[in-house]
Protein chains: 2
Amino acid sequence: MAIPPAVNRPVGTIERAIEIMEYLKAHDTATVSEMTAHLDCAKSTTHRYMKTLAANSLLVEDDNEYQLGIRFLDYGEVARNKYRLYDEAKPRVDELAEETEEKIWCAVEEHGRSVHIYGAQGKHSVQTYARVGHRNYLHQHAAGKAILAHLPDSQITETIDRHGLPGRTPQTITDRDELWEEIEAIRDRGYAFNFQESVEGLHAVGAPITDENDTAIGAISVSGPASRLEGTILRDELPTLLLGVVNEIGINMAHP
Amino acid sequence: MAIPPAVNRPVGTIERAIEIMEYLKAHDTATVSEMTAHLDCAKSTTHRYMKTLAANSLLVEDDNEYQLGIRFLDYGEVARNKYRLYDEAKPRVDELAEETEEKIWCAVEEHGRSVHIYGAQGKHSVQTYARVGHRNYLHQHAAGKAILAHLPDSQITETIDRHGLPGRTPQTITDRDELWEEIEAIRDRGYAFNFQESVEGLHAVGAPITDENDTAIGAISVSGPASRLEGTILRDELPTLLLGVVNEIGINMAHP
DNA sequence: CCACTGATTCAAGCTACTCGAACAAAACAC
DNA sequence: GTGTTTTGTTCGAGTAGCTTGAATCAGTGG
């Protein structure tokens with residue numbers, strides 16, 4: 001979704017703190033001055049923010065250089081324990097990113113929507129709105145459609161009723177009948193495509209990870225620029241690669 | 001490193017936000033009302049905080065219940081990667097788990113406490129409270145004591161002053177003098193034992209990974225049921241095994 | 001030695017965070 | 001069914017406390 005979950009009056013202080021974390025995630029390390037330039041506020045303010053975060057071990061200070069603290073793992077673990085799939089999928093996703101050099105996502109279904117639980121980027125992978133923890137409409141992207149198609153019909157209907165079929169690009173499927181046709185096609189071939197339905201110029205393939213009842217517990221997708229993901233690469237090579245991986249994960253999940 | 005991080009004028013807003021995360025870590029899930037009772041502030045304030053955090057995927061809202069979001073993993077991974085030790089230790093820890101069939105942990109020191117940066121479980125390994133990212137008192141477990149004993153005396157004193165010696169089981173060392181004796185013993189033999197000092201019925205051995213100055217940069221431990229970890233296995237075999245591994249890691253860390 | 005860059009402190013001003021009241025919606029009692 | 005209670009949510013107003021810029025240290029290089 002990237003529907004900005006517009007909160008009424010967000011607390012600016014919290015958002016700025018998150019901005020610091022984001023910057024450190026991207027740059028690994030930063031000084032007060034460097035962060036000040038990024039945040040566009042007084043240096044003393046940045047200083048106070050970073051000291052406060054460091055005092056709580058969210059940041060670690062070393063010789064005036066700040067980094068993210070490992071305490072985040074503490075919180076992350078709690079959140080991750082909801083998804084057994086994570087441990088199984090992570091190494092495969094990393095491998096796929098290495099191999100395809102594109103962006104790989106692993107997503108699960110939760111309350112009729114998708115959650116990106118892990119992503120890895122290959123050498124040439126594109127940056128989109130997507131990020132770990134983001135929640136999406138299932139019908140808007142490849143992994144989501146792969147999941148949707150491998151749910152019981154009743155659950156699909158329920159999901160559509162509950163969330164509707166909001167559009168995102170002109171290509172997004174917003175018609176119920178059209179979506180059902182698409183679902184049938186996905187079921188036949190075993191995986192889903194995304195032709196600029198979530199982001200203009202972006203193509204993707206998604207394959208479902210299924211349990212012993214052939215019901216989806218998640219999905220993995222490869223996405224990249226439409227110019228690169230086309231022809232036999234998109235139609236044959238990537239699907240074959242993906243199907244092998246999701247099969248393996250599915251088996252490992254069934255026999256721990 | 002990691003001296004008392006007494007910050008001059010901490011930003012209250014940030015500290016309260018962290019308080020929310022802490023509460024959710026402990027309770028897994030909470031509503032606005034529940035959190036308000038905990039935070040002791042206006043309900044509208046809590047509401048605004050949680051909405052802001054949720055808008056940034058740090059929290060996930062479901063039917064008025066909030067949980068920690070997996071976005072924390074995003075940050076946690078970055079933080080873990082800064083410990084070069086992780087890459088070096090992970091394969092050895094996996095091997096040890098395979099070989100001993102018990103639970104293996106790798107921990108490092110941060111801010112006078114230990115952080116479990118990686119764990120692997122063997123065929124028969126036990127489940128305890130411990131998990132990746134978990135923060136512990138150094139004096140309460142084998143790996144922690146191994147680290148503690150291989151720090152400069154000044155830093156040991158500082159750590160004890162800052163965190164005290166809280167108990168956990170009746171066996172936990174809570175007396176300063178007794179701890180210093182234990183430290184001497186650990187220094188003599190080169191590794192530490194844990195006799196039900198962290199969990200009743202659990203024994204463990206921990207050996208420090210040291211740098212060229214013989215200062216600990218981390219530790220590895222083997223833990224299992226007291227009934228299985230005893231006698232020569234506990235006293236001789238496991239320590240020998242551990243020492244070989246930590247030596248190797250130490251050397252690899254020194255000569256990358 | 002001085003100039004320069006960076007972190008850190010502090011008083012003062014004003015932003016924006018907190019509060020409480022009011023509203024809507026749901027759950028529950030009777 | 002109606003009233004009662006308990007949720008989450010919105011909004012105006014007031015002031016706590018966040019932001020700021022200048023001043024002070026600390027460390028580097030010329």
Side-chain angles (χ1 to χ4, degrees), chain A residues 3-21 23-24 27-69 111-113 135 158 161-163, chain B residues 1-24 27-69 111:
Chain A
I3 294 181
V7 51
N8 208 326
R9 283 189 300 175
V11 183
T13 304
I14 293 178
E15 297 204 311
R16 225 164 305 139
I18 293 173
E19 186 62 34
I20 290 177
M21 283 149 36
Y23 185 89
L24 286 174
H27 295 76
D28 259 26
T29 177
T31 64
V32 170
S33 299
E34 184 181 346
M35 190 65 74
T36 301
H38 176 68
L39 286 186
D40 189 35
C41 67
K43 191 166 60 170
S44 52
T45 302
T46 314
H47 175 255
R48 213 148 84 84
Y49 270 64
M50 293 177 89
K51 278 291 187 204
T52 304
L53 289 167
N56 290 88
S57 303
L58 291 186
L59 264 46
V60 171
E61 184 185 359
D62 245 339
D63 197 30
N64 287 339
E65 292 275 334
Y66 290 82
Q67 295 185 323
L68 290 174
H111 299 290
R113 309 194 54 189
R135 327 197 104 215
E158 190 182 297
D161 288 345
R162 178 150 164 213
H163 298 291
Chain B
M1 56 178 71
I3 312 157
V7 56
N8 207 323
R9 282 189 302 175
V11 182
T13 304
I14 293 178
E15 296 204 309
R16 223 164 307 139
I18 293 173
E19 185 62 34
I20 290 177
M21 283 149 36
E22 275 302 309
Y23 185 89
L24 286 174
H27 295 75
D28 259 27
T29 178
T31 64
V32 170
S33 299
E34 185 181 346
M35 190 65 73
T36 301
H38 175 68
L39 286 186
D40 188 36
C41 68
K43 192 166 57 172
S44 53
T45 303
T46 313
H47 175 255
R48 214 147 83 83
Y49 270 64
M50 294 177 90
K51 277 291 187 205
T52 304
L53 289 167
N56 290 89
S57 302
L58 292 186
L59 263 47
V60 171
E61 183 185 359
D62 248 336
D63 199 28
N64 287 338
E65 291 275 333
Y66 289 81
Q67 294 185 325
L68 290 174
H111 295 303

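Each chain gets a letter, A, B and so on, in the order its sequence line appears, and its residues count up from 1. Owing to the predicted nature of the structure, the values given are computational and were not obtained by experimental measurement.
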For A42(A) and for R9(A), locate the closest nucleotide of DNA chain D by heavy-atom distance; then report the residue assigned to the nucleotide nearer the 5' terminus. R9(A)

Backbone N or O of V11(B) within a donor-acceptor pair of the T52(A) side chain at under 3.5 Å?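 Checked: pair present.
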
Please answer whether the main-chain N or O of L39(A) pairs with a side-chain N or O of R16(A) as donor and acceptor at a distance below 3.5 Å.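 Not confirmed, R16(A) side chain does not pair with L39(A) backbone.
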
Which whole-number value in Å describes the distance from [X] [atom1] to [N] [atom2]?
{"X": "D63(A)", "N": "dA26(D)", "atom1": "CG", "atom2": "C1'", "answer": "12 Å"}
{"X": "M35(B)", "N": "dT7(D)", "atom1": "CE", "atom2": "P", "answer": "15 Å"}
{"X": "K43(A)", "N": "dT9(C)", "atom1": "NZ", "atom2": "C1'", "answer": "12 Å"}
{"X": "L59(A)", "N": "dA7(C)", "atom1": "CG", "atom2": "C1'", "answer": "16 Å"}
{"X": "I20(A)", "N": "dC18(D)", "atom1": "CD1", "atom2": "P", "answer": "14 Å"}
{"X": "H47(A)", "N": "dA22(D)", "atom1": "NE2", "atom2": "P", "answer": "18 Å"}
{"X": "E19(B)", "N": "dT18(C)", "atom1": "CD", "atom2": "P", "answer": "14 Å"}
{"X": "Y49(B)", "N": "dC19(C)", "atom1": "OH", "atom2": "C1'", "answer": "12 Å"}

Under 4.0 Å between a side-chain N or O of [X] and OP1 or OP2 of [N]?
{"X": "K51(B)", "N": "dT9(D)", "answer": "yes"}
{"X": "T45(B)", "N": "dC19(C)", "answer": "yes"}
{"X": "R48(B)", "N": "dC11(D)", "answer": "no"}

Report the residue (R16(B) or E34(A)) whose heavy-atom-nearest nucleotide on DNA chain C is the more 5′ of the two.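 Going by which nucleotide is closer to the 5' end, it is E34(A).
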
Could you check V32(A) against G12(B) and say which one's nearest nucleotide on DNA chain C is further toward the 5' end?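 By nearest-heavy-atom nucleotide position, the 5'-most residue is V32(A).
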
Sugar-phosphate only, base, or nothing, as touched by S44(A) at under 4.0 Å among non-hydrogen atoms: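 Touches a base.
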
Nucleotide of dC17(C), dA7(C), dT9(D) approaching E61(B) most closely (side-chain heavy atoms): dT9(D)

Identify which nucleotide among dA7(C), dT18(C), dT20(D) has an atom closest to any side-chain atom of S33(A), counting heavy atoms from C-beta outward.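 Side chain of S33(A) sits closest to dA7(C).
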
Any chance you could lay out the side-chain contact (heavy atoms from CB on, under 4.5 Å) test for N64(B) and V32(B), step after step, and finish with the verdict? CA-CA 8 Å; N64(B) 287 338; V32(B) 170; over 6 Å; no

side-chain contact (heavy atoms from CB on, under 4.5 Å), that's the test. Do E61(B) and M50(B) meet it? Break it down for me. CA-CA 9 Å; E61(B) 183 185 359; M50(B) 294 177 90; over 6 Å; no

Test M35(A) against L24(A) for side-chain contact (heavy atoms from CB on, under 4.5 Å), laying out the working first. CA-CA 9 Å; M35(A) 190 65 74; L24(A) 286 174; 4.0 Å; yes

